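Data first, discussion second: the structure below is written as structure tokens.
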Amino acid sequence: MEVLVEHQGPVARITLNRPQRRNPLSMTMMGEMIEALRHLPPDTQVVVVGGAGPAFSAGHDLGEMVGEEEPAIADLFARCTEMMELVQQIPQPVIARVHGVAAAAGCQLVASCDLAVATENSRFSTPGVKIGLFCSTPMVPVVRAVGRKRALEMLLTGETIDAATALSWGLINRVVPEEDLDAAVDDLIDSILRFSPAVIALGKQAFYSQVDLDQASAYRQTQDVMVKNALMADAQEGMGAFLEKRQPTWRDK
């Protein structure tokens with residue numbers, strides 16, 4: 001298996017599992033990742049994506065493109081896009097657990113995840129320009145995370161940025177020593193698990209639906225979401241608990 005999946009109660013941990021190659025996103029690996037995301041147990045509330053071995057992911061498996069015809073290459077990038085979009089479409093928050101290299105499509109995956117925690121030795125890049133294959137699909141989530149000038153610097157130079165820079169640019173959320181990586185990921189998980197899964201799912205969907213709209217359209221859309229949210233049982237419970245100065249009891253509805 002090129003992807004390992006472990007279910008720990010409400011947490012699904014997905015591990016890219018070709019450590020000897022630094023976890024290249026092959027057709028098989030992406031297919032297994034899609035299957036894992038599409039078939040999460042109903043009680044899953046958080047997903048963690050990490051890499052086995054010394055790196056998160058070095059990007060695509062270039063051997064699957066050299067000498068191939070257009071249909072095969074088109075299928076590869078279609079599958080990659082499906083996987084990246086699915087990360088944001090599922091109702092559960094997805095946390096990237098990053099160590100070592102996250103390059104090209106690996107960097108794309110980090111940028112596509114809802115949250116990302118990285119070790120101090122993590123490195124990020126979109127180096128395709130160096131081999132004549134511009135990182136056009138990785139730039140889609142990367143530019144949305146770091147902005148135009150910073151994304152173009154990564155794309156046009158192919159140079160690597162360190163974890164501190166990735167943090168300051170907004171590509172990741174937290175940087176920790178390697179020995180603290182799991183604890184930092186667990187801290188985020190614990191924060192998310194305190195809240196209503198139904199409300200988290202609604203909020204995640206609303207975030208991605210509005211984030212690229214103009215302001216007026218975003219307000220129209222999120223106003224409707226707020227009305228729907230306020231009428232949910234968990235919202236009524238949460239507001240009532242706040243007014244009554246007690247802890248809410250979520251019903252996931």
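Just so it is clear, the values below take in all heavy atoms, side chains as well, and ignore hydrogens, waters and symmetry mates. None of the values given here were measured: they were computed from a predicted structure.
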Measuring from atom [atom1] of [X] to atom [atom2] of [Y], what distance do you get when rounded to the nearest 0.5 angstrom?
| X | Y | atom1 | atom2 | result |
| --- | --- | --- | --- | --- |
| Glu32 | Met1 | CD | CE | 4.0 Å |
| Ser217 | Asp212 | OG | CG | 12.0 Å |
| Ile34 | Glu85 | CD1 | CD | 10.5 Å |
| Leu156 | Cys135 | CG | SG | 11.0 Å |
| Met30 | Leu76 | CE | CG | 4.5 Å |
| Leu202 | Lys228 | CG | NZ | 5.5 Å |

[X] versus [Y]: any side-chain heavy-atom pair under 4.5 Å?
| X | Y | answer |
| --- | --- | --- |
| Ile200 | Gln45 | no |
| Ile161 | Met154 | yes |
| Met84 | Leu25 | yes |
| His7 | Val5 | yes |
| Thr126 | Met139 | no |

What do you reckon, is [atom1] of [X] surrounded by more than 12 foreign heavy atoms closer than 6.0 Å?
| X | atom1 | result |
| --- | --- | --- |
| Met226 | CE | no |
| Glu244 | CD | yes |
| Gln215 | CD | no |
| Arg22 | CZ | no |
| Glu179 | CD | yes |
| Gln205 | CD | no |

Between the side chain of [X] and the main-chain N/O of [Y], is any donor-acceptor distance below 3.5 Å?
| X | Y | result |
| --- | --- | --- |
| Asn17 | Leu4 | no |
| Gln210 | Gln221 | no |
| Asn23 | Gly51 | no |
| Gln236 | Ala230 | yes |

Audit row: Asp61, Arg21, side-chain contact (heavy atoms from CB on, under 4.5 Å) steps and yes/no: CA-CA 9 Å; Asp61 187 339; Arg21 297 279 307 280; 3.3 Å; yes
Is there a continuous path of hydrophobic side-chain contacts, each under 4.5 Å between heavy atoms, that joins [X] to [Y]?
| X | Y | value |
| --- | --- | --- |
| Val140 | Leu171 | no |
| Ile131 | Phe124 | yes |
| Leu109 | Leu62 | yes |
| Val49 | Leu181 | no |
| Val143 | Trp169 | no |

Residue list, ring-ring contact (aromatic ring centres under 6.0 Å, His included) with Phe77, at least two apart or on another chain: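 Checked Phe77 against ring-ring contact (aromatic ring centres under 6.0 Å, His included); matches are His60.
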Between side-chain atoms of residues 86-107 and protein atoms elsewhere (two or more places apart, or another chain), which donor-acceptor pairs fall under 3.5 Å?
residue	atom	partner	partner atom	Å
Gln88	NE2	Ser112	O	3.0
Gln92	NE2	Thr44	O	3.2
Arg97	NE	Asp182	OD1	2.7
Arg97	NH2	Asp182	OD1	3.1
His99	NE2	Gly53	O	2.6
His99	NE2	Ala55	N	3.4

Taking only residues two or more places apart in sequence, or in another chain, which ones meet [X] in a salt bridge (charged side-chain N to carboxylate O under 4.0 Å, His left out)?
| X | result |
| --- | --- |
| Glu237 | Arg246 |
| Arg220 | none |
| Asp75 | none |
| Glu159 | Lys130 |

Val175/Thr119 under side-chain contact (heavy atoms from CB on, under 4.5 Å): CA gap, chis, key distance, verdict: CA-CA 5 Å; Val175 176; Thr119 62; over 6 Å; no
Can you see which heavy atom on [X] is nearest to which on [Y], and at what distance?
| X | Y | answer |
| --- | --- | --- |
| Met27 | Arg79 | O-NH1, 2.8 Å |
| Asn173 | Leu115 | OD1-CA, 3.2 Å |
| Val129 | Thr157 | CG1-C, 4.1 Å |
| Val142 | Ala151 | CG1-CB, 4.3 Å |
| Ala118 | Ile172 | CB-CD1, 3.8 Å |
| Ala36 | Ile14 | CB-CD1, 4.0 Å |

Cluster companions of Phe207 among Ile, Leu, Val, Met, Phe, Trp, Tyr (side-chain spacing under 4.5 Å):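 Tyr208, Val211, which link up through side-chain heavy atoms under 4.5 Å apart, make up the rest of the cluster.
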According to side-chain hydrogen bond (donor to acceptor under 3.5 Å, both in side chains), who are the partners of [X], at least two apart in sequence or on a separate chain?
| X | result |
| --- | --- |
| Thr15 | none |
| Gln8 | Glu6, Arg13 |
| Asp162 | Thr165 |
| Asn229 | none |

Using distance only, find each side-chain donor-acceptor pair of residues 191-198 under 3.5 Å and give its atom names and separation, not counting sequence neighbours.
residue	atom	partner	partner atom	Å
Ser191	OG	Asp187	O	3.1
Ser196	OG	Ala198	N	3.3
Ser196	OG	Val199	N	3.2
Ser196	OG	Asp234	OD2	2.5

Note: Arg38-Glu82 ion pair, threshold 4.0 Å (strictly below):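 Yes, Arg38 and Glu82 are salt-bridged.
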